[in-house]
Amino acid sequence: MRADLGFIGLGVMGAPMALNLARAALLCGDDDPHPPERPRSDLVVWNRTTAKSEPLRAAGATVAASPAEVCRRAGVVFLMLADGPAIDSVLGRGTPAFAANVAGRVLVHMGTTSPDYSHGLETDIRAAGGRYVEAPVSGSRGPAEQGGLVGLLAGDPAAVDLVRPLLGPMCAESFTCGPVPNALLMKLSVNLFLITMVTGLVESFHFAARHGLDAHRLRDVLDAGPMASTVSRAKAAKLVARDFSVQASIANVLDNNRLVAEAARDSGTASPLLDVCHALYGETLALGHGEADMAAVLHAIESRTGHRAEAPANQP
């Protein structure tokens, strides 16, 4: 049996995810040994910037000339794209090409969009004769490279059961969350914690610096204590080195913050900490750090301190 997989979107997250798929034992060539209980599969990829496909070609994947070619060849197509308009464009949603691209296939939405958008996409794909699984992932570029992401799945149970084992090369664990859009709502819940936690960590380093404390010692104290986590250790190392090379960019975090805030407003849910973070990440973007790692929110906090220091003594 041959069961080709497709992957569209080879950005900061998509490229290492697809590479892990290409390198997995599940993806083997016609003459390679493979366990008899597993289908033989090829990976077919496409990216708008073609140069980003070359590492996948080198890893044995087939580089398609168009998204339509990926859909034509693959029974399951993973989409790791920036937003709804990008997904709509790739699938030809709203055009006659849409049905040809999705009918008889399982489309797996792995990016982060609004829950409402995902629900509408599921409706359209099912109406066109396809199946849909929502599968956003928790984690940044490091876990993506290591195959250590956490997958969140929602959709028709049979389709979820089909997709879940395919996440193995990309995700260390995966969790079924129920019907669409519950996986995206779960992802937004996770992101709310991530954004507020990292912002608090950054502010603590800024506070320590303003009081003349050693950043290395603060890192060691935090790493030894009960609040330490994989995220805190990674971001603390960046803050000590003032290394803002991207794992999750300011622009991406700001967009995620917006999605959480919109979902909170739609449900009448208060999100006071998130609202403060939204302002800080917006200020960081305005300062020109949109492509830097989210730890670069330090620049906005430092800027606020600078403005406060410059204010007249009788102003707060």
Side-chain angles (χ1 to χ4, degrees), residues 1-11 13-15 17-18 21-22 27 39 41-54 56-57 61-137 153-164 166-167 170 179-185 187 255 259 262 266:
M1 174 182 174
R2 194 164 199 92
D4 288 356
L5 304 179
F7 201 105
I8 298 175
L10 304 174
M13 294 289 290
M17 291 166 67
L21 273 179
L27 304 173
S41 301
D42 285 335
L43 181 65
V44 185
V45 304
W46 181 85
N47 192 73
R48 191 176 302 277
T49 305
T50 55
K52 292 184 178 181
S53 301
E54 292 310 309
L56 272 298
R57 192 194 306 274
T62 298
V63 177
S66 67
E69 181 184 347
V70 175
C71 293
R72 187 168 62 249
R73 297 184 57 166
V76 178
V77 179
F78 296 100
L79 304 169
M80 191 61 180
L81 296 162
D83 51 30
I87 295 171
D88 293 346
S89 174
V90 159
L91 295 180
R93 192 176 179 201
T95 75
F98 181 71
N101 286 334
V102 306
R105 296 168 183 86
V106 180
L107 284 300
V108 186
H109 171 26
M110 302 194 76
T112 305
T113 60
S114 75
D116 285 346
Y117 169 84
S118 181
H119 192 272
L121 181 62
E122 179 193 38
T123 299
D124 287 355
I125 287 174
R126 293 180 70 172
R131 292 190 287 171
Y132 178 76
V133 172
E134 203 177 64
V137 293
L153 297 110
D156 173 75
V160 168
D161 288 345
L162 174 67
V163 168
R164 185 170 185 169
L166 300 176
L167 301 185
M170 299 179 283
V180 172
N182 280 7
L184 272 167
L185 287 168
K187 173 68 186 293
D255 189 54
L259 291 172
E262 288 174 354
D266 289 346

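Along the sequence shown, residues are numbered consecutively beginning with 1.
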Passes side-chain contact (heavy atoms from CB on, under 4.5 Å), D156 versus E122? Steps please.
CA-CA 10 Å; D156 173 75; E122 179 193 38; 5.8 Å; no
Any side-chain to backbone donor/acceptor pair from R48 onto G9? Under 3.5 Å, distance only.
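Such a contact is absent between R48 side chain and G9 backbone.
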Can you tell me if N47 uses its side chain to pair, donor with acceptor, with the backbone of K52 under 3.5 Å?
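Not at all, since once roles are kept as given, no pair shorter than 3.5 Å links the two residues.
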[X] [atom1] to [Y] [atom2] distance, which is reported to the nearest 0.5 Å:
X: R105; Y: R72; atom1: CZ; atom2: CZ; answer: 9.0 Å
X: T113; Y: H119; atom1: OG1; atom2: NE2; answer: 12.5 Å
X: I8; Y: L79; atom1: CD1; atom2: CG; answer: 5.5 Å
X: I87; Y: L107; atom1: CD1; atom2: CG; answer: 9.5 Å

P136: what forms a side chain to side chain contact (heavy atoms under 4.5 Å, CB included) with it, not counting sequence neighbours?
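Applying side chain to side chain contact (heavy atoms under 4.5 Å, CB included) to P136 gives E134, L152, A183, L184, K187.
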Got [X] and [Y] here, is their nearest side-chain heavy-atom distance under 4.5 Å?
X: P67; Y: N101; answer: no
X: M110; Y: M170; answer: yes
X: L167; Y: F78; answer: yes
X: V180; Y: H109; answer: no

Apply side chain to side chain donor-acceptor pair (under 3.5 Å) to [X] and list each qualifying residue two or more places apart in sequence or on a separate chain.
X: D255; result: R258
X: R57; result: E54
X: S114; result: none

What closest approach, in Å, do [X] and [Y] show between heavy atoms, and which atom pair accounts for it?
X: A18; Y: L10; result: CB-CD2, 3.7 Å
X: V44; Y: A64; result: CG1-CB, 3.9 Å
X: C71; Y: L91; result: SG-CD2, 4.4 Å
X: F7; Y: V70; result: N-CG1, 4.1 Å

Using the salt bridge (Lys or Arg N to Asp or Glu O under 4.0 Å) rule, collect all pairs that involve residues 106-120, keeping only residues at least two apart or in two chains.
none
Distance-only check: which donor-acceptor pairs under 3.5 Å involve side-chain atoms of residues 124-133, not counting sequence neighbours?
| unit_1 | atom_1 | unit_2 | atom_2 | d |
| --- | --- | --- | --- | --- |
| D124 | OD2 | R93 | NE | 2.9 |
| D124 | OD2 | R93 | NH2 | 2.9 |
| Y132 | OH | S118 | OG | 2.6 |

